[in-house]
Structures are given as structure tokens and as C-alpha cells.
Chemist: 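Just dropping this structure here.
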Amino acid sequence: MTAQIIDGAKIAADIRNRVKQEAADLKAQRGIVPGLATVLVGDNPASHAYVRSKRKACAELGLASFGHELAKETTQAEVIALVRLLSGDPQVHGILVQLPLPAHISEEAVLSEVALEKDVDGFNPINIGKLGMKNRMPSFAPCTPSGVIELLDRCGAKIEGAHAVVLGRSNIVGLPVSLLLLGRNATVTVCHSRTQDIAAVTRQADILVAAIGKTRFVTAGMVKPGAVVIDVGINEVPDATKRSGKRLVGDVDFDGVKEVAGAITPVPGGVGPMTIAMLMQNTLTAAKSRAVGSKE
Ligand code: GUN
């Protein structure tokens with residue numbers, strides 16, 4: 001059996017098209033242009049590339065973006081002052097603080113200052129706390145984990161009652177995706193660097209989410225036949241056939257695992273495009289809730 005390939009690029013494009021249309025309607029009907037403020041501290045090249053992509057998506061979908069690039073020496077107090085300003089700015093509906101922040105700045109202190117209703121990245125500790133609690137709703141859930149759930153829903157996976165195994169417990173992906181799966185009534189096991197006999201655990205998974213940042217870690221022998229496998233990994237490997245001399249591969253050995261799994265996401269073109277699509281959707285939602293709450 002060869003797995004269904006889950007086309008994240010196509011699903012992300014569908015979401016983006018809907019956001020574009022709804023943003024145009026919101027502007028025509030209410031004169032409101034959804035606005036995303038991005039805060040980037042330091043000169044991490046990957047972070048700069050991510051923020052560029054997020055702002056480019058805003059431009060393509062008719063959303064406003066307000067970029068704030070701060071030198072790596074910026075103090076924590078200065079970053080907090082900016083986030084407070086943005087939290088009170090009526091043109092800004094969503095705030096994204098690109099992570100990681102430089103080591104001298106506390107992520108928790110900064111993320112706590114993002115207004116809850118503008119926390120389109122879902123990283124304010126209050127929103128993360130609500131995500132993990134029964135009968136509490138965060139304003140927003142983090143984008144990559146939400147993208148994983150969207151892919152599962154769209155490929156027809158049954159989450160409720162399934163055994164979902166998550167590889168990795170990072171604040172950005174592993175932990176929040178585990179909480180989202182739990183909230184959807186999956187039985188969730190989280191594996192990490194100290195887990196013994198990971199393969200024995202992954203072989204029990206109906207849904208396997210790999211987010212550990214290890215090239216082709218998940219091999220065919222670790223996957224239960226028919227399982228749905230979601231690969232969040234983005235790892236660079238050398239490739240002499242490419243002009244750049246490298247290419248991206250996931251945490252899953254795609255060629256081997258696709259022969260065993262029921263459905264699988266490729267890298268690139270799986271989870272990757274979903275992160276920005278969910279961010280755009282969250283920013284639109286934030287603008288719409290403001291429109292409902294205001295008397296304009
Ligand atoms: N760094 C890596 N991924 C993310 C993300 O989804 N959001 C933010 N803010 N920073 C990141």
C-alpha cells in the first residue's frame with residue numbers, strides 16, 4: 001500500500017484564498033484592513049527569512065503589516081515598551097514576536113505583554129495555559145500546531161479516540177500540538193530525548209507527529225501500517241544536484257514510510273506552508289472580532 005500524500009501546499013492555498021476574499025469583504029463593508037505587527041530582534045538569518053515570508057503573505061492577501069526590526073543589543077525593557085505600544089495600537093490586530101529572542105531577553109516577559117486578543121501566534125503564557133485546561137478557550141492556538149490539526153482534519157483522520165504519538169516537546173510545536181490533540185480527545189503520548197525504546201511507542205501510533213529536528217529519524221519499521229504521519233521537521237541536507245548545494249528533508253524517511261503509512265505529509269509542501277496560512281487566518285479573525293466588538 002502506498003500512502004495518501006497530504007498536499008499541504010494546496011490546503012494552505014485554499015485557506016489563503018479564503019482569507020484574501022474575507023479580508024476584501026471586511027475592507028469593503030467596514031473599512032477595516034487586518035494588520036499584523038512583526039517584532040524581530042537581532043540578526044538571525046532564519047528569523048529574518050521567516051518574517052519576510054510572513055510580511056509577503058500579508059501583502060499578497062491584502063493585510064497590512066508593520067515591521068519592527070530591532071538591533072540585537074536592544075534591552076528587554078525596550079522590546080516590552082514596543083509590544084505595549086502595539087497592544088494599544090488600533091491599526092494592529094495581531095502581534096507576532098519572532099522567536100528565538102536574544103539570550104538576554106526573557107521570552108516569557110515579552111510574550112506576556114502581547115494583548116491576549118492580538119496574540120495571533122498563541123504564545124502568550126496565558127493562552128498556552130488555557131490551551132492545556134479543560135473548558136478554557138485560548139484566544140488563539142499556535143500556528144504550526146493548528147496547521148497540523150487542520151491537515152489531519154482535511155485528510156479525514158479520526159482524532160477522537162486515536163492514539164496520537166508526538167515526537168518532541170518544544171514550546172513552539174511539540175507541547176502545543178500535544179495539547180490540541182488532547183483537546184480533540186486523542187490519547188496522547190509525548191516522546192522526547194529521554195524516552196526509552198521510542199520505536200516501540202511510535203509503532204502504537206494511529207497518528208504520528210514528528211517534531212524533533214532530526215533528519216529522517218522516523219523509519220518504516222517505526223510506523224504502524226495505515227497510520228497518519230505528519231512531518232514537522234525542516235532539516236537541510238547537502239545535495240550536489242541543487243544550485244544552492246542543499247535541500248530540505250523532514251524528520252521522517254518519506255520514501256520508506258510512505259509504503260507503510262495510510263497518509264503522510266511531504267517536506268517541503270506539507271506542514272511548512274500551513275504555518276503562515278494559519279497566521280493569516282488568525283490575523284483576519286482578530287480583525288473581525290474587533291469589528292464585532294466596536295461600534296464603527
Ligand atoms: N520561530 C520558529 N517558529 C516560530 C513561530 O511559529 N512563531 C514565532 N513567533 N517564532 C517562531
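This structure is a prediction, so every number in the text was calculated from the model and none was measured. Order of listing sets the numbers, starting from 1, for every ligand and every atom in it.
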Chemist: Mind checking side chain to side chain contact (heavy atoms under 4.5 Å, CB included) for Asn124 and listing every partner two or more places apart, or none if nothing turns up?
Modeler: Leu116, Asp119, Ile126, Asn127
Chemist: Can you list every pair where an N/O of ligand 1 is under 3.5 Å from an N/O on the protein?
Modeler:
from, atom 1, to, atom 2, distance (Å)
ligand 1, 1 (N), Gln98, NE2, 3.3
ligand 1, 1 (N), Leu99, O, 2.9
ligand 1, 7 (N), Asp121, OD2, 2.9
ligand 1, 9 (N), Val97, O, 2.8
ligand 1, 9 (N), Asp121, OD2, 2.5
ligand 1, 10 (N), Gln98, NE2, 3.4
ligand 1, 10 (N), Leu99, N, 3.0

Chemist: How long is the gap from CD on Gln196 to SG on Cys191, to the nearest 0.5 Å?
Modeler: 11.5 Å
Chemist: Of all the heavy-atom pairs spanning Arg169 and Arg194, show the shortest one and how long it is.
Modeler: NH2-CG, 4.3 Å
Chemist: Set out, in order, the CA-CA distance, both residues' side-chain angles and the distance that settles side chain to side chain contact (heavy atoms under 4.5 Å, CB included) for Ile159 and Asp153, then state yes or no.
Modeler: CA-CA 8 Å; Ile159 300 179; Asp153 283 338; 3.7 Å; yes
Chemist: For Ser112, enumerate each residue passing the side chain to side chain donor-acceptor pair (under 3.5 Å) test, keeping only those at least two apart in sequence or located in another chain.
Modeler: none
Chemist: Could I get the full list of side chain to side chain contact (heavy atoms under 4.5 Å, CB included) partners for Ala71, not counting sequence neighbours?
Modeler: Glu73, Thr74
